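Protein chains get the first letters and strands the later ones, always in sequence-line order, with residue 1 at the start of each. Everything quoted here is computed from the prediction, not taken from an experiment.
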Amino acid sequence: MTRESNIPEFRYTAAFANTIELKWQKYWRDNGTYHAPNPSGALAGDPKVSGLPKLFIMDMFPYPSGTGLHVGHPLGFIGTDVYARFKRMTGHNVLHTMGYDAFGLPAEEHARQTGQHPRENTNANIANMQRQLDRLGLGHDERRSVATTDLEFYRWTQWIFLQLFNAWYDDELEKARPIDELIDELDSRARELPSGKIWHEMDDISRQEIINDYRLAYLAEAPVNWCPALGTVLANEEVTAEGRSDRGNHPVFKRPLKQWMMKITSYADRLLDDLTDLDWTDAIKTMQRNWIGRSEGAEISFTVNESQIKVFTTRPDTLFGATYIVLSPEHPMVEELTSSEWPPDTPELWKNDFTNPVDAVHAYRNESARKSDLDRQENKEKTGVFTGSYACLPVNKNSIPIFIADYVLMGYGTGAIMAVPGQDERDWEFAEVFDLDILRTVQPPENWEGKAYTGDGPAINSDFLNGLDIEEAKTTMIDWLENNKSGKKQVTYKIRDWLFSRQRYWGEPFPIVYGATGLPTALTDEHLPVELPELIDWAPRTLTENSDPEPPLGRAENWAHIEIDIGDGLQQYSRELNTMPQWAGSCWYYLRYLDPTNSEEFVSEDVERYWMSGGVGGVDLYVGGVEHAVLHLLYSRFWHKVLFDLGHVSCPEPFQRLYNQGYIQAAAYQDSRGLYVDAEEVVEDNGDYFFDGNLVTRSFGKMGKSLKNSVTPDEMYDQFGADTLRLYEMFMGPLDQDRPWETKSVVGSQRLLQRIWRNLVNEENGELEISEAAASLALRRLLHKTIQAVREDMDNLRFNTAIARITELNNEITKLAEPTPREIAEPLVHLLSPLAPHIAEELWEKLGHTESIVYARFPVADQSMLAVEVLEIPIQINGKVRSKILVPSDISASDLKEAALNDPKISSEVSGKDIRKEIVINGKLVNFVT
RNA sequence: GCGCGAGUGGCGGAAUUGGCAGACGCGCAGGCUUCAGGAGCCUGUGUCCUUCGGGAUGUGAGGGUUCAAGUCCCUCCUCGCGCACCA
């Protein structure tokens, strides 16, 4: 219980902080303080401001969760806000705003559980989250806020979809082009179809089918990830390595279904190459590279009877060492390659106890079909069975056996490999199990004792390759294969085209209709937006593995069938019933921030060029969690590149600098049954933790409902105020690092603000209490040292050390006997203002200023104040500090040595000893070695 | 298994062209103020020893380079993240 009567009326308490915070938040809102002017258009403003260097700072925009924020969420938002405020004070036109990623599975799942319509639910969540964020005092240009669920926003998501639908990838020019240009080239015979079909001899429907396959957004029948529990199909990126849904951890099944796909594979090389120019961490770049999974090698054909098996290998140089072939059990040629009888002399080992290959192969295929991906991963013992057929090795016509084995995956390369046990560990293991030949074709080092040798060395046992190193042997072999029509150079990728349709209600409808031909047809711009129909029954059905996905939009009978004119007169059409995935809106929202009210274009050219200029990527700083490393960041790079190719944006990449903030973790406690107990109720006693008198165990994890360890910003506003919360979150540690939350430590940040306040304001009467007299030279020096350090720290997002420097300065001010000199007080408030903007505004006003501090100039250190006259130099003997001396900073090395030797402590220590070596680092230290 | 990152007081963390380890904060201890303290202020606080001057020791473990190593090199351990039979 606090007794208010003892606390001075104008002390900086939580209640007082709340008063001034609300005051200044209202002021900023009323004055449009954070409005960043565009160079032209509806949001144009003061040309003096839009003439400043621009800075586009962004947070990954959040999904408005129904449970609201906990203190872990705003960490990155605060970080970008501090940086943005600092940059405003150094003469930049800073664009910083916030939007909501409000479509998608989670919104709908939540709505399904509560029975509320997704829109109502989403709007309520957005309002709540906006309230929580506003209270933090984030300097966002609120005019630019968007939600992906706004009709005026998703109108343009649909428009961008049409850009993709109406474009194709020209492999020669390595860029996307309008589909009409392809049609023109085919019409004028400037281009032939690679299939050999003759364009001019085809009917209209066949032509449309051909063209549709060229589109960057296309319909395809392909094995997709069907998640019955979610009632929808999912992209590869949304399925975990265990074969479950990323969201909800439900089982996912591979099923062939006709779905919308995006041709992201066409951009694989550019997505890979352009990573080089981005200021992203190597961790994220590596994750993207792994996901794209480019490997160079060769496709080699092996002849079996009349047919050919194509294998992909990255080691064509080892072809002479191929002693068998392995097909994935799902490979389409397995059946035709399975002979009816075991060939004479087939080793028993290869038969798996079956009397003929047909039964053996059948049994093996059934067994591996039953195995989940997880089983296949966990059990790496090699299994397989002989098909009874032999293939012909193209270089020497040797006959080698063909196996099927589940260590070869259908989803990669051609689903078939040439096995080279001498140079491949997996093949070696398999060869050991089945007693197959092993032939080394690369000479291992002399004392090599291992099995397969994958390192470099001269080729052996390889005829015309002998003596060549791996790289030379590869190119020589590829030449040979191409000359002998047995293969070719080949690049494969792990990345697959992006599955883009979902059987859900709460997403963007496709701007696509189907006419009499049944082929997909694009709506034209004037028919946009395609608005989501109001549905009473919008929930997806819970379905089984074998059922078909049912798009909920099919239940909107009146909406699903329309009569419109899209160029061929008024006709009957049925609409596409799928919706887009959640990623669609987040692929491009940053562009809408630039020009959110534009009803003619998704962003005007002029505005886009202004904000997106500077590097290869337009956004100057993008802060968000590492969990979007391959999903959002890959998809939006892809869309951006398409828009770039088609001339709609001016730079090839969206995000120049990416920064991954860490997570705030919190202690969670489990009782003896393993159940989580309310962390707030746990008490510590001598290193042990108790809940309700019972011993509980502590662990750390992400804040949230399930661990019962959430702390909300609202609680922090009540107990400390928003400035304190901001300061504490920035002070906990480096922004990119995970850190444990400790409510009991927050008070430290509040004390700093209290002390700064008290150093400038009389707590009893609330009056400014500073001195107009000059500061001491020592304090002035400290101030400039602090300014220098804080500036550097702010620039490098090292807010924790910036706060430490400010604290040091304030600690010195606290020691003064007289009031704080104005020449110190004003810069101190400047240094503080990006971190704790409300108290800074209040102090700034008390200091007599009528303009907001937001656009004040951040102090610059006076270099002459940084130079010191006297240095304290440690003197070491044998590397150990024995004394310290004060010397003039401009002392010469020899004088420094003399001064050190004259130090009484040093002279007594070295007297009678032989100084063998003297190290004199001027300005740093002296070390005598005896 | 492969790749990346990290290991510093009771706790969060400072310190990098190698140059005084532990800035700043929390916590803790003592004091002031107070009827009281879960408020505020001051002082102290790596560990061990100490005659209170100081001494020894110390950055996951072990070794090395150097006048000098948290920092560089080698070997190993632990934790986190990513990928995982990708041919």
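- Each of A:A283 and A:V746 was matched to the nucleotide of RNA chain B holding its nearest heavy atom; the match closer to the 5' end belongs to A:A283.
- Atom CZ of A:F302 is separated from atom P of B:A87 by 16 Å (rounded to the nearest Å).
- Applying the 4.0 Å criterion to OP1 and OP2 of B:U66, one finds that A:K917 has every side-chain N and O outside that range.
- The only option from A:D424, A:T441, A:V420, A:I470 that meets the side chain to side chain contact (heavy atoms under 4.5 Å, CB included) definition with A:R315 turns out to be A:I470.
- With B:G25, B:C11, B:A87 as the choices, the nucleotide that has an atom nearest any side-chain atom of A:F731 turns out to be B:G25.
- A donor and an acceptor atom sit less than 3.5 Å apart, one in the side chain of A:R805 and one in the base of B:A23.
- Each of B:C26, B:C41, B:A87 was ranked by its minimum atom distance to the side chain of A:R758; first place goes to B:C41.
- Regarding contacts with the backbone of B:G3, every side-chain N or O of A:N290 stays at 4.0 angstrom or more from both OP1 and OP2.
- The side chain of A:Y412 lies closest to B:A87 when the candidates are B:C24, B:G19, B:A87.
- Glycosidic conformation of B:G55 is anti; the angle lies outside 90° of 0.
- Within the nucleic acid shown, A:K884 comes within 4.0 Å of at least one base atom, counting heavy atoms only.
- One cannot find a donor-acceptor pair under 3.5 Å joining the base of B:C20 and the side-chain atoms of A:K924.
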Under a cut-off of 3.5 Å for both distances of each Watson-Crick or G-U pair, what dot-bracket string does RNA chain B give, using [ ] for crossing pairs and | for inter-strand pairs? (((((((..(((......[....)))((((((.......))))))((((....))))..(((((..]....))))))))))))....
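- The nearest whole Å value for the distance from the CG atom in A:L327 to the C1' atom in B:C85 is 16 Å.
- For A:I417, the side-chain atoms get nearest to B:A87 when compared with the rest of B:A87, B:A14, B:U57.
- For the pair A:K917 and A:F928, the cation does not sit on the ring face, since its NZ or CZ is not both under 6.0 Å from the ring centre and inside 45° of the axis.
- Close to B:C26, at under 4.0 Å from its OP1 or OP2, lies a side-chain N or O of A:R751.
- Separation of the P atoms belonging to B:C74 and B:C4 is 13 Å when rounded to the nearest angstrom.
- Comparing A:S295 and A:V929 against RNA chain B, the residue whose closest nucleotide sits nearer the 5' end is A:V929.
- Nucleotides B:G22 and B:G46 place their C1' atoms 7 Å apart, quoted to the nearest Å.
- If you take atom C1' in B:G60 and the same atom in B:G9, they sit 15 Å apart, rounded to whole Å.
- Across the protein-nucleic acid pair, A:D736 atom CG and B:G5 atom C1' stand 10 Å apart, rounded to whole Å.
- Protein atom CZ of A:R739 is 15 Å distant from nucleotide atom P of B:G7, rounded to whole Å.
- Nucleic acid contact class of A:T814 (heavy atoms, under 4.0 Å, all strands): sugar-phosphate only.
- The side chain of A:R798 places no N or O atom within less than 4.0 Å of a non-bridging phosphate oxygen (OP1 or OP2) of B:A14.
- Of all nucleotides listed (B:A39, B:C26, B:G25), B:A39 comes nearest to the side chain of A:R11.
- Residues A:R365 and A:E367 are not paired through a salt bridge, judged by the lack of any N-O separation under 4.0 Å between the basic side chain and the carboxylate.
- Both tests do not hold together for A:K382 against A:F430: distance to the six-membered ring centre under 6.0 Å, angle to the ring axis within 45°.
- Between A:F799 and A:F731, the distance separating the two ring centers is not shorter than 6.0 angstrom.
- The gap from the P atom of B:U51 to that of B:G40 amounts to 38 Å, rounded to the nearest Å.
- Taking 4.0 angstrom as the limit, A:Q754 places a side-chain polar atom (N or O) nearer than this to OP1 or OP2 of B:G40.
- Between A:E918 and A:K897 there is a salt bridge, with a side-chain nitrogen of the basic residue lying less than 4.0 Å from a carboxylate oxygen of the acidic one.
- A:L835 approaches A:R726 most closely through the heavy-atom pair O-NE, 2.9 Å.
- Note on A:K744: only backbone sugar-phosphate atoms sit closer than 4.0 angstrom, heavy atoms only; bases stay farther off.
- Nucleic acid contact for A:E429: none, since no nucleic acid atom lies under 4.0 Å from a heavy atom of the residue.
- Note: A:W741 and A:Y728 meet the aromatic proximity criterion, with ring centroids under 6.0 Å apart.
- The aromatic rings of A:Y669 and A:Y689 are tilted relative to each other, their planes meeting at an angle between 30° and 60°.
- At the heavy-atom level, A:N878 lies nowhere under 4.0 Å from the strands shown.
- The residue A:N927 sits close to a base: some heavy atom pair falls under 4.0 Å.
- The distance between atom CG of A:N236 and atom C1' of B:C83, rounded to the nearest whole Å, is 16 Å.
- Residue-level contact check: A:D427 touches neither bases nor backbone, having no heavy atom under 4.0 Å from any strand.
- Residue A:T314 is classed as a sugar-phosphate contact, given heavy-atom separations below 4.0 Å to backbone atoms only.
- Distances from the side chain of A:A804 to the nucleotides B:C85, B:C24, B:C20 place B:C24 closest.
- For A:N811, taking side-chain heavy atoms from C-beta onward, the closest of the listed nucleotides B:A87, B:A84, B:G25 is B:G25.
- The CG-C1' distance, from A:L631 to B:G82, rounds to 13 Å in whole Å.
- Side chain of A:R882, nearest nucleotide from B:G19, B:G13, B:G55: B:G55.
- Using a 4.0 Å heavy-atom cutoff across all strands shown, A:K285 reaches no nucleic acid atom at all.
- For the 3.5 Å distance criterion, the side chains of A:T492 and A:Y412 qualify, holding a donor opposite an acceptor.
- The glycosidic torsion of B:G82 lies more than 90° away from 0, placing the base in the anti range.
- Counting non-hydrogen atoms under 4.0 angstrom, A:E918 reaches nothing in the nucleic acid.
- Distances were taken from every side-chain heavy atom of A:Q737 (C-beta onward) to each of B:C26, B:G55, B:G13; the shortest belongs to B:G13.
- Between the CD atom of A:E9 and the C1' atom of B:G40 there is a distance of 17 Å, rounded to whole Å.
- Residue A:W757 contributes atom CH2, which lies 17 Å from atom C1' of B:G40 at whole-angstrom precision.
- Among the nucleotides B:G40, B:A87, B:G25, the one closest to any side-chain atom of A:V408 is B:A87.
- A salt bridge between A:K905 and A:D903 is absent, with no side-chain N of the basic residue lying under 4.0 Å from a carboxylate O of the acidic one.
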